Amino acid sequence: MRTVTATPAPPLSRARQAFLRDVLEGLQAHPKRLHSKYFYDAAGDALFQQIMHCPEYYLTRCEMEILERQSPAIVSAIRAVAPQADLVELGAGDASKSVHLLREWMRAGMGERYFPIDISSNIIRHLQETLPERIPGLDVQGLNGEYMDMLAKSGQAAGCARVVMFMGSSIGNFTPEEAVGFLGEVRRQLRPGDMLLIGFDLQKNPRQVLDAYNDRQGLTRDFNLNLLTRINRELDADFERDQFLHYPTYDPSSGACKSFLISLRDQAVHIGGALIRFRKDEPVFMEISQKYTPEGIRELAARTGFSPIRNFTDEKGWFVDALWLAK
Ligand SMILES: C[S@@+](CC[C@H](N)C(=O)[O-])C[C@H]1O[C@@H](n2cnc3c(N)ncnc32)[C@H](O)[C@@H]1O
């Protein structure tokens, strides 16, 4: 039984109202789902940074290698199209990889304006505080909010090209069909001649892929379960974390790596005044991390109004940062 208190709960902020609406909508749907964009509170940001350093999570190492070694080549490929540009980064995270590109960008005199966009206010505050010191002269204009809202807000200076970065295989958090919709929307916010630098994780040995989402230290498990803790704290809910199992899957024929939380018993959870029932063994879909083939990447560019300029790959050939031109 829940304790009933005499003091009414304070009204929820707009962001929390949207969070509550999405959570209830997802958990009242069949099958149940939660949205992975809510993973990133302060604890989620810290866990994701630990995941990026764990031995099984090859994605960060591959993309880091590309940016450490090939930033000069990436910047020259961009400069061949536009001599100067504004840089906008969707879901910048801690920018630990992009920082290599940003340094090269400044060295090549490509421009000073950098607009990191992230849904995590914690991350934007951190970038705003640390980046200008790490890269003198960089004009950091952090934007805290949803990808598309903030991309629109970043605007476009007259006569200045834009390069949008979308790194870390974040496009993999959309299904291939959703990715077409999302990138089509990005394209509509750009002008012909603008560019997109976008990271894709490639299909590879299925064991390698699955291990990356099922690390031995249990960091990815904690990252998924942390969303239940966040819902408890922010939406007045009473999830018992240990009554859910982290269950990652990978389908090598479609390239879809999906994470679920499985209810370990019949249970009911209160969330912001609503009651949600879970059956024993019922899955809650948490996140997709889609793996691509080179043909799939080319097709995605063609379907969303971009033409590929060049692919930058790591030594193992596991990851691609693709540079596309808005047609
Ligand atoms: C997988 S991390 C990648 C971070 C960084 N790009 C990298 O490659 O290391 C995804 C980042 O995107 C942010 N994010 C997720 N969904 C978002 C959304 N809908 N709008 C804006 N930012 C979002 C998260 O807060 C997180 O920092």
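Keep in mind that the numbers below use all heavy atoms, side chains included, and drop hydrogens, waters and symmetry copies. Counting starts at 1 for both ligands and their atoms, following the listed order. Here the structure is a predicted model, which means the values were calculated and not measured.
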K.L.:
Within 45 degrees of the axis of the six-membered ring of F115 and under 6.0 Å from its centre: does R162 put its NZ or CZ there?
P.N.:
no

K.L.:
Can you list the steps and then say if E177 with R303 is a salt bridge (charged side-chain N to carboxylate O under 4.0 Å, His left out)?
P.N.:
CA-CA 10 Å; E177 271 317 299; R303 288 181 69 190; 3.2 Å; yes

K.L.:
Looking at ligand 1, would M165 count as a contact under a 4.0 Å heavy-atom criterion?
P.N.:
no

K.L.:
D118 to ligand 1: N or O pair under 3.5 Å?
P.N.:
yes

K.L.:
Does D314 use its side chain to pair, donor to acceptor, with the backbone of I66 at less than 3.5 Å?
P.N.:
no

K.L.:
For ligand 1, which atoms, with element, lie under 4.0 Å from some heavy atom of A92?
P.N.:
5 (C), 6 (N)

K.L.:
Applying a strict 4.0 Å limit to heavy atoms, is S96 in contact with ligand 1?
P.N.:
no

K.L.:
Among F48, Y38, Y147, whose heavy atom sits nearest atom 23 (C) of ligand 1?
P.N.:
Y147

K.L.:
Heavy-atom distances under 4.0 Å are what count here, so tell me which part of M150 touches ligand 1: side chain, backbone, both or neither.
P.N.:
neither

K.L.:
Near G145, which atoms of ligand 1 are under 4.0 Å from a heavy atom of that residue?
P.N.:
20 (N), 21 (C)

K.L.:
Checking side-chain contact (heavy atoms from CB on, under 4.5 Å) for the pair D222/Q50: CA distance, chi angles, key distance, verdict?
P.N.:
CA-CA 11 Å; D222 292 351; Q50 283 177 270; over 6 Å; no

K.L.:
How about Q189 and V186: do any of their side-chain heavy atoms sit closer than 4.5 Å?
P.N.:
no

K.L.:
Could you say whether the N/O atoms of I117 and ligand 1 ever approach to under 3.5 Å?
P.N.:
no

K.L.:
Considering only heavy atoms, which of F166, F39, Y40 lies nearest to atom 26 (C) of ligand 1?
P.N.:
Y40

K.L.:
Taking distance alone, with no angle check, do E146 and ligand 1 share an N/O pair under 3.5 Å?
P.N.:
yes

K.L.:
Report yes if some N/O of K97 lies less than 3.5 Å from some N/O of ligand 1; otherwise report no.
P.N.:
yes

K.L.:
Under a 3.5 Å distance rule, please check whether E65 uses its side chain to pair with a backbone N or O of E315 as donor and acceptor.
P.N.:
yes

K.L.:
Does some side-chain heavy atom of V269 sit less than 4.5 Å from a side-chain heavy atom of L27?
P.N.:
no

K.L.:
Looking only at protein heavy atoms, which one is nearest to atom 3 (C) of ligand 1, and what is the separation?
P.N.:
S170 OG, 3.8 Å

K.L.:
Which is closest to atom 6 (N) of ligand 1 by heavy-atom distance: G93, G91, S36, G172?
P.N.:
G91

K.L.:
Does the ring centre of Y250 sit less than 6.0 Å away from the ring centre of Y213?
P.N.:
no

K.L.:
For ligand 1, which atoms have a heavy atom of M52 less than 4.0 angstrom away?
P.N.:
9 (O)

K.L.:
How about I135 and W105: do any of their side-chain heavy atoms sit closer than 4.5 Å?
P.N.:
no

K.L.:
Starting from atom 22 (N) of ligand 1, what is the nearest protein heavy atom, named by residue and atom, and what distance separates them?
P.N.:
I119 N, 3.1 Å

K.L.:
Which ligand 1 atoms are under 4.0 Å away from a heavy-atom of G168?
P.N.:
8 (O)

K.L.:
Any ring pair (Phe, Tyr, Trp, His ring centres under 6.0 Å) involving residues 156-203? Give me the pairs, sequence neighbours left out, ordered by first then second residue.
P.N.:
Y147-F166, Y147-F182, F166-F182, F174-F182, F200-Y292, F200-W324

